[in-house]
Amino acid sequence: MASLKIKNICCIGAGYVGGPTMAVFAQHCPNVKVTVADINESRIKLWNDSDTSNLPIYEPGLDKLISNCRNKNLFFTNNIQESIANADMIFLSVNTPTKSKGVGAGKASDLRWVEASARQVAKFAQGHTIVIEKSTLPVRTAKTIQRILTNSQEINLKKPKKSFSVLSNPEFLSEGTAIKDLQEPDRVLIGGEDQIAINSLVDLYTNWVPCEKIICTNLWSSELSKLTANAFLAQRISSINAISALCEATEADITQVSKAIGLDKRIGNEFLSPGPGFGGSCFQKDILNLVYLCEYYNLDEVARYWEEVININNWQKDRIAKLIVNSLFDTVSGKKLAILGFSFKANTNDTRNSASIDICRDLLEEGAILSIYDPKVDIHQIKKDLEIKSETKDMGNCLFANSIESATQDAHAVIILTEWKQFKDIAWEETIKKMKKPAWIFDTRSLIDVKKAKGVGFDIWQVGNQTKNN
Ligand code: UDX
Ligand code: UDX
């Protein structure tokens with residue numbers, strides 16, 4: 001099979017996707033020089049910090065990988081121009097958030113950074129370059145990238161002509177398990193038309209991924225598969241959250257229901273945990289993208305169908321905030337509430353679209369005093385997410401706790417929003433002694449041993465399961 005020998009890879013975007021993905025490429029392709037380039041200077045500084053506990057993102061196993069490969073065949077830099085010029089393969093892994101204004105605001109993806117990166121590639125690349133979409137993008141973006149690459153070159157007869165092949169190679173990693181997902185992917189998807197470019201990328205992946213797991217499709221199928229995979233996953237969570245509310249209203253227990261349906265091979269047992277609503281940078285954005293696409297093609301019923309997945313997700317967050325207020329005698333004004341967990345899931349410091357943000361905002365709106373503890377999320381990030389402007393550590397109705405003990409001291413309730421392991425076995429007997437009575441636990445992640453906590457005197461609400469409390 002004809003292919004190009006790739007010696008230099010560049011990835012534009014040193015984020016949650018670009019950083020870990022390139023670290024795994026570097027590990028398995030020791031003869032390839034991998035450069036991750038980003039416009040953000042402070043981020044690159046952290047990627048280059050000799051103390052790997054300062055890496056800009058927290059991901060189990062990443063620090064070890066970085067220590068092994070960095071400055072051998074893995075480099076982090078702000079010099080985008082040089083990295084592009086040296087590369088024979090370029091991954092675009094910049095962020096593509098939902099547009100906040102203009103046509104498609106609130107639904108379509110903002111492609112300005114993808115476009116800017118493509119223009120940089122067009123300008124600085126040399127010879128033939130394979131350009132790969134890693135960011136999740138709306139269907140047919142590859143075509144746009146191709147047009148930018150071919151049309152925005154300066155006409156200069158003295159310089160050798162450049163050429164490009166565009167491929168789509170969506171990333172399916174899940175934060176918190178990114179390294180494992182990258183090392184042992186369920187599948188690798190490559191979309192494109194240029195067989196030599198496809199073979200060149202396949203050659204890299206086969207260094208660690210079995211051939212039968214590498215699937216090649218046309219460009220648009222690849223782009224649409226990524227949106228569809230995320231839409232299906234998010235739909236499962238909205239489905240289980242919807243049933244969790246029904247369980248609370250009846251005598252059913254969601255963990256039993258999940259187990260019973262998950263044993264059906266056709267359904268499968270993963271992604272059936274109820275929670276406070278899904279977060280993360282992808283699910284909402286990708287569904288909104290899908291909705292926008294369906295509307296564009298006049299498929300209104302299909303658009304409404306997928307939109308409902310987001311509506312249920314918002315409803316779940318909203319109903320949890322409301323039931324907390326209702327349980328605390330219809331007012332939380334001036335009451336201290338311990339918030340345990342701020343990241344959108346465990347094992348990451350990422351807070352993008354975290355359910356904690358909306359729930360905390362609603363409680364602050366009701367006048368609660370929140371004491372927030374998360375083992376990995378930085379205080380500045382929490383302030384940014386809750387739009388707290390002050391420079392000081394403690395601010396107004398928000399306190400930032402550095403342990404479970406200080407968060408729960410004098411609190412009326414403990415609200416578990418992220419499934420961090422350490423929240424599973426809290427010393428409830430000690431904890432309740434320092435809390436106001438009646439002391440409540442709101443467990444949105446089905447994490448705690450209800451019997452134990454109830455035994456020492458807590459009132460408990462656990463998502464999808466009110467049976468053990470009666
Ligand atoms: C990824 C995907 O690329 C995105 O499509 C998906 O929906 C979310 O996950 P992620 O790696 O999580 O993005 O984003 P982020 O952590 O924000 O990293 C993007 C990086 O690109 C940032 O560090 C940013 O500074 C950089 N960037 C952005 C550039 O280097 N150049 C630009 O022009 C724009
Ligand atoms: C997701 C996709 O899983 C991944 O394939 C894609 O590349 C990016 O988007 P990520 O957002 O990192 O990954 O995390 P994921 O594990 O999918 O969790 C998303 C949200 O759903 C989290 O808020 C999580 O807590 C929630 N969730 C997940 C549940 O509430 N219940 C579950 O059973 C699973």
Side-chain angles (χ1 to χ4, degrees), residues 10-22 36-44 46-47 56-57 59 76-78 80 83 91-98 109-121 133-138 141 170-178 181-182 185-187 189 225-227 229-234 236-241 244 254 258 262 268-287 289 313 316-317 341 343-356 417-419 444-446 463:
C10 158
C11 172
I12 308 181
Y16 283 88
V17 172
T21 307
M22 289 303 119
V36 192
D38 199 296
I39 44 172
N40 185 328
E41 285 184 17
S42 53
R43 211 166 205 190
I44 289 298
L46 293 173
W47 278 112
I57 67 173
E59 195 58 68
F76 293 91
T77 179
N78 289 123
I80 297 181
S83 316
F91 289 87
L92 300 181
S93 193
V94 295
N95 38 332
T96 50
T98 305
S109 273
D110 190 339
L111 297 181
R112 76 175 99 165
W113 293 290
V114 172
E115 179 174 343
S117 307
R119 286 185 190 279
Q120 285 179 311
V121 172
E133 295 178 329
K134 248 310 168 203
S135 308
T136 308
L137 293 164
T141 308
E171 187 43 67
F172 295 100
L173 70 79
S174 180
E175 286 175 34
T177 52
D181 297 342
L182 287 160
D186 287 350
R187 79 304 207 182
L189 181 57
S225 299
K226 170 70 187 189
L227 292 187
N230 275 346
F232 267 58
L233 290 167
R236 265 173 94 91
I237 301 169
S238 280
S239 299
I240 205 72
N241 284 342
S244 76
I254 195 70
S258 281
N269 61 7
E270 286 182 47
F271 255 72
L272 284 178
S273 307
F278 59 76
S281 69
C282 285
F283 283 177
Q284 174 156 322
K285 185 190 76 168
D286 289 356
I287 293 179
N289 237 313
N313 197 49
Q316 179 80 344
K317 296 184 262 192
S343 56
F344 80 98
K345 62 184 281 196
N347 294 323
T348 177
N349 60 344
D350 194 350
T351 63
R352 286 178 290 181
N353 283 319
S354 176
S356 306
L417 293 177
T418 313
E419 73 283 21
T444 71
R445 296 282 186 172
S446 299
V463 66

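Everything numeric in this text was worked out from a predicted model, so none of it was measured. Just so you know, ligand 1 is whichever comes first in the structure, and atom 1 is the first atom listed for that ligand.
- The one candidate from Asp286, Asn289, Thr136 that meets the side chain to side chain donor-acceptor pair (under 3.5 Å) condition with Asn230 is Asp286.
- Residue Lys134 has no nitrogen or oxygen atom sitting less than 3.5 Å from a nitrogen or oxygen atom of ligand 1, judged on distance alone.
- Near Asn40, with a cut-off below 4.0 Å to any heavy atom, the atoms of ligand 1 are 25 (O).
- Residue-to-ligand polar distances keep Ile12 apart from ligand 1: every N/O pair is separated by 3.5 Å or more.
- Between atom OG of residue Ser109 and atom CG of residue Leu227 there is a gap of 8.0 Å, rounded to the nearest 0.5 Å.
- Under a 3.5 Å cut-off, the side chain of Ser356 and the backbone N or O of Gly341 do form a donor-acceptor pair.
- Rounding to the nearest 0.5 angstrom, the gap separating the CG atom in Leu233 from the CD atom in Glu270 is 10.0 Å.
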List ligand 2's nitrogen or oxygen atoms that come under 3.5 Å of a protein nitrogen or oxygen, with the partner atom and distance.
from     : atom 1 : to     : atom 2 : distance (Å)
ligand 2 : 5 (O)  : Phe172 : O      : 2.7
ligand 2 : 7 (O)  : Glu171 : O      : 3.2
ligand 2 : 7 (O)  : Phe172 : O      : 3.4
ligand 2 : 7 (O)  : Leu173 : O      : 2.8
ligand 2 : 7 (O)  : Lys226 : NZ     : 2.9
ligand 2 : 12 (O) : Glu175 : N      : 2.7
ligand 2 : 14 (O) : Ser174 : OG     : 3.4
ligand 2 : 14 (O) : Lys345 : NZ     : 3.4
ligand 2 : 16 (O) : Ser174 : OG     : 2.9
ligand 2 : 16 (O) : Lys345 : NZ     : 2.8
ligand 2 : 23 (O) : Gly279 : N      : 2.9
ligand 2 : 23 (O) : Phe344 : O      : 2.8
ligand 2 : 25 (O) : Phe344 : O      : 3.4
ligand 2 : 25 (O) : Arg445 : NH1    : 2.7
ligand 2 : 25 (O) : Arg445 : NH2    : 3.4
ligand 2 : 31 (N) : Ser273 : O      : 2.8
ligand 2 : 33 (O) : Leu272 : N      : 3.4
ligand 2 : 33 (O) : Ser273 : N      : 2.9
ligand 2 : 33 (O) : Ser273 : O      : 3.4

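- Counting atoms of ligand 1 from 1 in the listed order, those under 4.0 Å from a heavy atom of Gly13 are 20 (C), 21 (O), 26 (C).
- Under a 4.0 Å criterion applied to the non-hydrogen atoms of Ser135, ligand 1 contributes the atoms 2 (C), 3 (O), 5 (O).
- Across all their heavy atoms, Ile240 and Ser258 have their closest contact at CD1-OG, 3.6 Å.
- In summary, the atoms of ligand 1 found under 4.0 Å from a heavy atom of Gly15, numbered by their order in the structure, are 11 (O), 15 (P), 16 (O), 18 (O).
- Shown are Val36, Leu92, Asp38; of these, the side chain to side chain contact (heavy atoms under 4.5 Å, CB included) with Ile12 is made only by Leu92.
- At a 3.5 angstrom cut-off on N or O pairs, Ile80 does not count as close to ligand 1.
- Checked against side-chain hydrogen bond (donor to acceptor under 3.5 Å, both in side chains), Glu175 has the following partners two or more places apart in sequence or in another chain: Thr348.
- Atom CH2 of Trp113 and atom CG of Asn95 lie 5.5 Å apart (nearest 0.5 Å).
- Checked options Asn353, Thr96, Thr98; the residue passing with Lys285 is Thr96 (criterion: side chain to side chain donor-acceptor pair (under 3.5 Å)).
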